[in-house]
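All heavy atoms count here, side chains included; hydrogens, waters and symmetry mates do not.
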Amino acid sequence: MQAQPLRLSTAQADFQTLLHQRLHWSADTDAAIEQRVADILADVKARGDAAVLEYTERFDGLKADNMSALELTQAELKAAFDGLPTEQRDALQAAAARVRSYHEAQKKASGESWQYRDADGTLLGQKVTPLDRVGIYVPGGKAAYPSSVLMNAIPAHVAGVADIIMVVPTPKAEKPPLVLAAAYVAGVSRVFTIGGAQAVAALAYGTATVPAVDKITGPGNAYVAAAKRRVFGTVGIDMIAGPSEILVLADGSTPPDWVAMDLFSQAEHDELAQSILLCPDAAYIDAVQAAIDRLLPEMPRRDIIAASLNGRGALIHTRSMQEACEISNRIAPEHLEVSSRQPHQWEPLLKHAGAIFLGAYTSESLGDYCAGPNHVLPTSGTARFSSPLGVYDFQKRSSLIEVSEAGAQVLGQIASVLALGEGLQAHARAAQMRLNSNKFK
């Protein structure tokens, strides 16, 4: 199978139209999926463990008499870790250490409480506290994702969340040791081998065995996404993830094979994943296409890569790197590689991206596994207003206000005038009662 990403040039009169068509991806969930998910959520909410057991047997082929049989003990997680080859144990621990180090720095920068007193003694501030309990969904079935365990559990742990509940589907009772070992390394509290909409429902509503959580994070299939959307409000969620994306800004200085493989790295996820190259050098784009042709036959997932590149990929010739940066901001990709000799020249021009990878040696795959920053990123253009998963997603903020007697004399006047203007007399009276009061002297 050949892979021929769409070739575009910003000089084309119809460039904007063609780019929009290539970027378009419908997030609308199939009506049948929505109805099925609604039924599953209602059933789990009503029947709890019994419903979860039925759906786990039906969808995962995993029969159990009770939920205790679907919960893994800490001893099992440790045994999975101890049973790994030394190379995998070392890699898992090294990745976890880097992810933890990054999120600890993130917490210090943005996750601490603060307060101050103004001239009249009034205290104002913000109290940051962790969520009590969170649920993390780790995909399973087609592949094992230990990296997803680290990226969801470690920032929650760093934030101070006391109880981290992990759910992971294990069809036919196949439990990937790397995933269980990652749960052990990341400090997950409890693990249930359940998945799909029924797992989301169990986390959101709670059952006799699965405790209800305050927030659910982590990616999943269309059923998981639809379930997360429906339970939002009962619990918090991180985001509704779309297909994976990579956009490479290249100045022509990086070996074409490297860029071709970086495009493959997202295309191999699934047929709807999107890989785009923006470059002002037409000859270099030709070289990247030649590398794609040469390297594709070597790839085990070549059929998926080809389908992705043919259906959603694009190689775009721009007038300049500045124009490439402008287009990138409009796309707001999940992963943005600046494959340039001088990446810091272009970084100030880039406003919207889930993660920015600077320089030819910074492949997106390093960020997926072990660089440190979180790999749970906004997709489908939502990087315009959303951020990567982080410590802040597992914290909440409470405003602190302690008004002094002197402060009440000033603020009370202001509040009463505004309250009366809104027709809220009790608000105004409550403020006025504290004016020139001797009650507590």
Side-chain angles (χ1 to χ4, degrees), residues 27-73 76 131-142 145 148-149 152-153 156 161-175 179-180 183 188-241 393-394:
D28 296 337
T29 305
D30 181 270
I33 292 178
E34 283 285 355
Q35 185 56 57
R36 191 74 190 103
V37 167
D39 292 342
I40 292 171
L41 295 182
D43 195 16
V44 172
K45 187 175 183 180
R47 297 196 298 126
D49 286 347
V52 174
L53 288 168
E54 286 182 21
Y55 291 123
T56 299
E57 181 178 2
R58 184 185 308 176
F59 298 134
D60 291 341
L62 187 58
K63 181 175 175 58
D65 294 331
N66 53 63
M67 286 294 292
S68 296
L70 299 178
E71 181 176 2
L72 302 179
T73 65
E76 288 177 279
L131 305 184
D132 291 331
R133 180 185 294 127
V134 300
I136 63 172
Y137 190 100
V138 177
K142 290 184 179 180
Y145 296 100
S148 289
V149 180
N152 282 271
V161 177
D163 210 4
I164 303 172
I165 312 299
M166 174 175 139
V167 294
V168 55
T170 56
K172 309 301 181 183
E174 296 177 2
K175 304 170 185 174
V179 170
L180 306 192
V188 172
S189 309
R190 299 175 71 181
V191 178
F192 293 92
T193 55
I194 57 176
Q198 62 272 21
V200 174
L203 291 172
Y205 305 130
T207 71
T209 309
V210 182
V213 302
D214 300 309
K215 189 169 189 173
I216 300 172
T217 71
N221 63 17
Y223 287 89
V224 172
K228 286 173 67 178
R229 187 182 293 112
R230 283 181 172 270
V231 299
F232 176 63
T234 299
V235 295
I237 62 172
D238 51 351
M239 62 187 77
I240 303 297
D393 285 296
F394 299 100

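The distance from the CG atom of Asp238 to the CZ atom of Phe394 is 7.5 Å, given to the nearest 0.5 Å. Atom CG of residue Leu72 and atom OG1 of residue Thr170 lie 7.5 Å apart, to the nearest 0.5 angstrom. Between Asp43 atom CG and Tyr55 atom OH the span is 3.5 Å, to the nearest 0.5 Å. To the nearest 0.5 Å, the span separating CD1 on Ile237 from CG on Asp393 amounts to 11.0 Å. To the nearest 0.5 Å, atom CZ of residue Arg133 and atom CD1 of residue Ile165 are 6.0 Å apart. To the nearest 0.5 Å, atom CD1 of residue Ile216 and atom CG of residue Asn152 are 11.5 Å apart.
Smallest separation of non-hydrogen atoms from Ile240 and Ala225: CD1-O, 3.6 Å. Shown here for Ile164 and Val188, the closest heavy-atom pair between the two residues is O-CG1, 3.5 Å. For the residue pair Ile33 and Ala226, the shortest heavy atom distance occurs at CG2-CB, 4.5 Å. In terms of heavy-atom proximity, Gly140 sits nearest to Pro169 at N-CG, 3.6 Å.
Within the structure, side-chain hydrogen bond (donor to acceptor under 3.5 Å, both in side chains) contacts touching residues 202-214 (residues at least two apart or in different chains) are Asp49-Thr207, Asp49-Thr209.
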Enumerate donor-acceptor pairs with a distance under 3.5 Å from any side-chain N or O in residues 192-204 to protein atoms, sequence neighbours excluded.
from: Thr193; atom 1: OG1; to: Leu70; atom 2: O; distance (Å): 3.1
from: Gln198; atom 1: NE2; to: Gly195; atom 2: O; distance (Å): 2.9

Mind listing the side-chain donor-acceptor pairs of residues 58-66 below 3.5 Å, one per line with the distance, residues two or more places apart or on another chain?
from: Asn66; atom 1: OD1; to: Ser68; atom 2: N; distance (Å): 3.1
from: Asn66; atom 1: OD1; to: Ala69; atom 2: N; distance (Å): 3.2

| said: Test side-chain contact (heavy atoms from CB on, under 4.5 Å) on Ile40 and Arg230; report intermediate values, then the result. | reply: CA-CA 11 Å; Ile40 292 171; Arg230 283 181 172 270; over 6 Å; no

| request: Starting from the C-alpha separation in whole Å, work towards a yes-or-no answer on side-chain contact (heavy atoms from CB on, under 4.5 Å) for Leu180 and Glu76. | output: CA-CA 8 Å; Leu180 306 192; Glu76 288 177 279; 5.6 Å; no

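In this structure, the salt bridge (Lys or Arg N to Asp or Glu O under 4.0 Å) partners of Glu71, at least two apart in sequence or on a different chain, are Arg190. By the side-chain contact (heavy atoms from CB on, under 4.5 Å) test, Glu54 pairs with Arg47, sequence neighbours left out. In this structure Asp39 satisfies the side-chain contact (heavy atoms from CB on, under 4.5 Å) test together with Gln35, Arg36, sequence neighbours excluded.
Side-chain contact between Thr56 and Met67 is absent, with no heavy atoms from C-beta onward closer than 4.5 Å.
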